[in-house]
Amino acid sequence: MVNTPVQVCVRTRPTAFFAQDVIVLDESKKTIDIKNKGRINAKQNSVNYLETKREDYSFKFDKTLHNVSQDSVFNECAADITQAFLEGYNGTVMAYGQTGSGKTYTMIGAPNNYKNRGLIPRVIQQVFADMSNYPEKSFTLRVSYMEIYNEQLFDLLSDISDAQLEKANSDNYEDNMVIMEDNKGNIMVRGLKCHIVNSEEEALSMLFEGETNRAICEHQLNKASTRSHCIFTLYLEARSRVESEGQVVLSKLNLVDLAGSERVSKTHSSGLVLTEAKYINKSLSFLEQVVIALGNPSREHIPYRQSKLTYFLKDSLGGNCKTLMIANIWGEEQHLEETVSTLKFATRMMRVSNEATINVHMNPDALIKKYEKEIKELKQELSMHDQLRGINQANYDPYTEEQKIELRREIRSYVNGEIDELEIKNIRRIKEIFSQFKLMLKEAASLSEQESITNASTAREKQQTAPPSNFAGKIHEEKIYDENGVGEVENKAGFGVGEAKPNAEFQKRTKRSAVPVSARDNEKSMNVSMSQNSLLETDRPKKIKMSRNDAFEEYKRTEGKALHENIKENSQTLKDKKSLFRIITQRLNDTKAEIDDFKSKIEKKQIENAHMGDDIVDEEELRWFQVIKEKKEVYKQVFEERKMLKSEMDYIEKALENLRQTLIANFQTFYDDNYQDPAEEQKPPLSSRSSRKEVEEEGKEDVLDEGEKFEKLWYNKLQQEDPESLNYYMAYKKAGKAKKVTNRKF
Ligand SMILES: Nc1ncnc2c1ncn2[C@@H]1O[C@H](COP(=O)(O)OP(=O)(O)OP(=O)(O)O)[C@@H](O)[C@H]1O
């Protein structure tokens, strides 16, 4: 773990009116001095001048870049972070400063101008160039592009519908995306799409597409880019091609163009612009609060959750990340106040320290392989031990299907009293007996339940879907095996055990039974002629068509019931705790109000006494002091109680999130095993789709029209003169074309 303070570089926007007498930059010393005192008298009447704070200031930063090229900004500031990102460190580069100071220019650059492209295109270019320097690694790169506007999150790389935009304009807008934190403190955004990019051109296309969407949204929402925070993120997954240890190195690089930091009063905003400015001011002032709190070692609580921006930047500020802030200033005299404010904020930012570490994770597939190998070796060792100790026939492999069927037959005989006991040979057998018992119980319970539900259904339905009416409790009568005794055709084993709920296993069976009997008979007779293994294979229940939503409801009633109940219980507990939390907070506020009340009484009394020349504390005052003391004690206790409750709530919230994720993951497996999405069937098979595309592509003859000829010429020229810029221009062109073709609705 490396302790890395946030790096801060100051960049000036070039201007012919640079206030050189007031702003003195020394690039070698990395300092900026604001010489204000000497000139203030001459500027007494200037509204824009630092009239309230007539002070000189001296600032020192990690770098000061005065009138430098885009190239230098990348090399001086962002190249290291890009390199670290490839090595597995998280990184964040953010541009901060007043409107017009050059934040967007720094991050994105001048549009359609390769030479003046900003940091993001340069980072992308560098990442792809450097990846090829690591032939021993395989990389997967993803990108996302998100905008935070008026505390709402927008995915700039997905289609945003009119309805969404309408909602975004209204008060009851709800984000589809949620900023979340995992148990290691990594921040992620649920609902934000991450797109795999395989080339520099693809990644640049994403950036340009996002930029176009940003402009369209801007127009539709009547907002200015200056009022939103935009975050382009690269996510890298690196695996070793040579070592099979299963390690995956994951890193992300946030490239942030923050909203303008000018003050509301200065912009003279009103209406929507004022609302936006307030949101920005709020989120930037929350950002400032976070930065101040991080700079104070005695502060325990850092108020990250106050705004979406600060929550999103949680792991970039005070977390596992290498962070760089570029403070953009516009060094004209009229912007001096904003310049000083930006430089002050930038200085505070330098006090923030992060702890960056390479993010190594284990690849589950490789881990499984490793464990499988270990298990195999342990089994071999165990059987050697058994042989040495004279224990024969010990087998540690899982039961085969045939062995399971045989065991079931034995269990059934045992339950029906045909044999007195089940032979216990080894742990493996005990375990399998239990597992078969469990299965049989479950099946029987489902059947019993289903029987009571379907009592009123038609006789024909009964014949097809329900087992014989005397089925319950008579295991020996079930027809699990075909005449030849091979293969478990339909898992009908079971006995009546009262009121258990139907489960997925049963659903599979009843739906399958809806296949006409003759068809099933045919199936059966075909199976009999096959080998045992293939018979078992082909006779597995077919997947049922059911929508995900319905299947999820079903899952919550059956297999996922315990988990679902657990979530419900925890949610209820959380709800209760939240109401208690509100009550306690109220109590805390009341106590605080009472203390304040007594304090102001004392103050009043002291003022009165002072007027009368009396500075002796009277009895009443003493009593009030006593009350304040007691109230403070109460306040302290309630405060502690509230704090504990809060941490309990946080814990439950985290646990709930884990439970929800487990529920979803388990459901996914359940769904994949048992169901098929009806909607998927309607899609043409992938192979036919791709072949159609191929045919279409083939159909295009190599005959160029005038426009295409020009493009080809242009392409060839670029390739000869500046080949490195090709990806940039191709992506830019494509983004423009895509917009025209898709005629997207915003
Ligand atoms: N270093 C620079 N060199 C040349 N032009 C620049 C530079 N910095 C800014 N500009 C120009 O200044 C103008 C404003 O810059 P830009 O839009 O990047 O500001 P901003 O801080 O992002 O403003 P906002 O907060 O409104 O988004 C643009 O026309 C941009 O091209």
Side-chain angles (χ1 to χ4, degrees), residues 9-19 23 25 27 32 63-78 93-122 145-150 154 156 207-208 210-215 217-219 221-232 255-264 266-269 272-274 276-285 287 309 325-332 334-335 337-339 341-343 345-346 732:
C9 301
V10 176
R11 182 186 197 187
T12 58
R13 172 182 165 170
T15 165
F17 307 101
F18 191 79
I23 306 171
L25 273 118
E27 283 184 78
I32 301 179
K63 280 201 175 87
T64 49
L65 306 170
H66 188 36
N67 294 347
V68 297
S69 67
Q70 297 280 69
D71 204 22
S72 312
V73 176
F74 175 75
N75 290 329
E76 300 255 338
C77 303
V93 179
M94 59 178 121
Y96 179 91
Q98 73 175 103
T99 291
S101 57
K103 297 181 296 294
T104 309
Y105 185 82
T106 300
M107 297 309 292
I108 314 262
N112 198 13
N113 184 334
Y114 178 71
K115 192 168 158 266
N116 289 332
R117 68 201 186 285
L119 283 186
I120 304 181
R122 282 168 201 271
Y145 203 2
M146 184 180 81
E147 184 174 32
I148 306 178
Y149 170 66
N150 283 4
F154 293 91
L156 290 175
L207 171 69
F208 295 139
E211 279 302 291
T212 317
N213 284 346
R214 188 177 170 189
C217 277
E218 221 171 80
H219 176 67
L221 290 175
N222 192 21
K223 70 185 175 73
S225 67
T226 182
R227 313 217 158 274
S228 65
H229 312 290
C230 284
I231 302 145
F232 187 84
L255 302 162
V256 190
D257 181 7
L258 290 168
S261 62
E262 67 280 357
R263 295 210 312 247
V264 180
K266 193 171 177 185
T267 56
H268 309 294
S269 318
L272 176 68
V273 178
L274 178 64
E276 290 168 342
K278 274 185 188 160
Y279 273 118
I280 295 158
N281 264 316
K282 244 189 187 170
S283 62
L284 288 178
S285 88
L287 177 65
L309 176 71
M325 189 179 102
I326 301 181
N328 292 84
I329 56 169
W330 193 353
E332 293 179 3
Q334 54 172 324
H335 302 300
E337 195 176 350
E338 295 304 340
T339 297
S341 139
T342 300
L343 296 177
F345 179 72
Y732 192 81

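Ligands are counted one by one from 1 in listed order, and the atoms in each one are counted from 1 as well. Throughout, numbering of the chain's residues begins at 1 and tracks the sequence. For clarity, every value in this text was computed on a predicted model and none was experimentally measured.
- Between A110 and ligand 1 there is no heavy-atom distance shorter than 4.0 Å.
- Numbered from 1 in the order shown, with element, the atoms of ligand 1 that lie under 4.0 Å from a heavy atom of K103 read 18 (O), 19 (O), 20 (P), 21 (O), 22 (O), 23 (O), 24 (P), 25 (O).
- Considering backbone and side-chain N/O of G102, one or more are found under 3.5 Å from N/O of ligand 1.
- Residue S101 places a heavy atom under 4.0 Å from ligand 1.
- For the residues P14, G100, S69, A95, the heavy atom positioned nearest atom 23 (O) of ligand 1 is part of G100.
- Residues that satisfy the ring-ring contact (aromatic ring centres under 6.0 Å, His included) test with F74, not counting sequence neighbours, are absent from this structure.
- Of the listed options L258, T104, I329, I108, T104 places a heavy atom closest to atom 27 (O) of ligand 1.
- Taking 4.0 Å as the cut-off, Q70 does not count as a neighbour of ligand 1 on heavy-atom distance.
- Donor-acceptor pairing under 3.5 Å is recorded for the side chains of S69 and S72.
- For Q98, the heavy-atom gap to ligand 1 drops under 4.0 angstrom.
- Shown in contact with R11 at under 4.0 Å from a heavy atom are these atoms of ligand 1, numbered in order with element: 1 (N).
- Between the side chains of T15 and E332, at least one donor N or O sits under 3.5 Å from an acceptor N or O.
- Aromatic rings of Y149 and H229 (six-membered ring for Trp) have centroids beyond the 6.0 Å cut-off, not under it.
- Judged as a ring-ring contact (aromatic ring centres under 6.0 Å, His included), and not counting sequence neighbours, Y105 has no contacts.
- With no hydrogens or angles considered, a side-chain donor-acceptor pair links N328 and T106 at under 3.5 Å.
- Between D71 and K115 no salt bridge is recorded (no basic side-chain N to carboxylate O distance below 4.0 Å).
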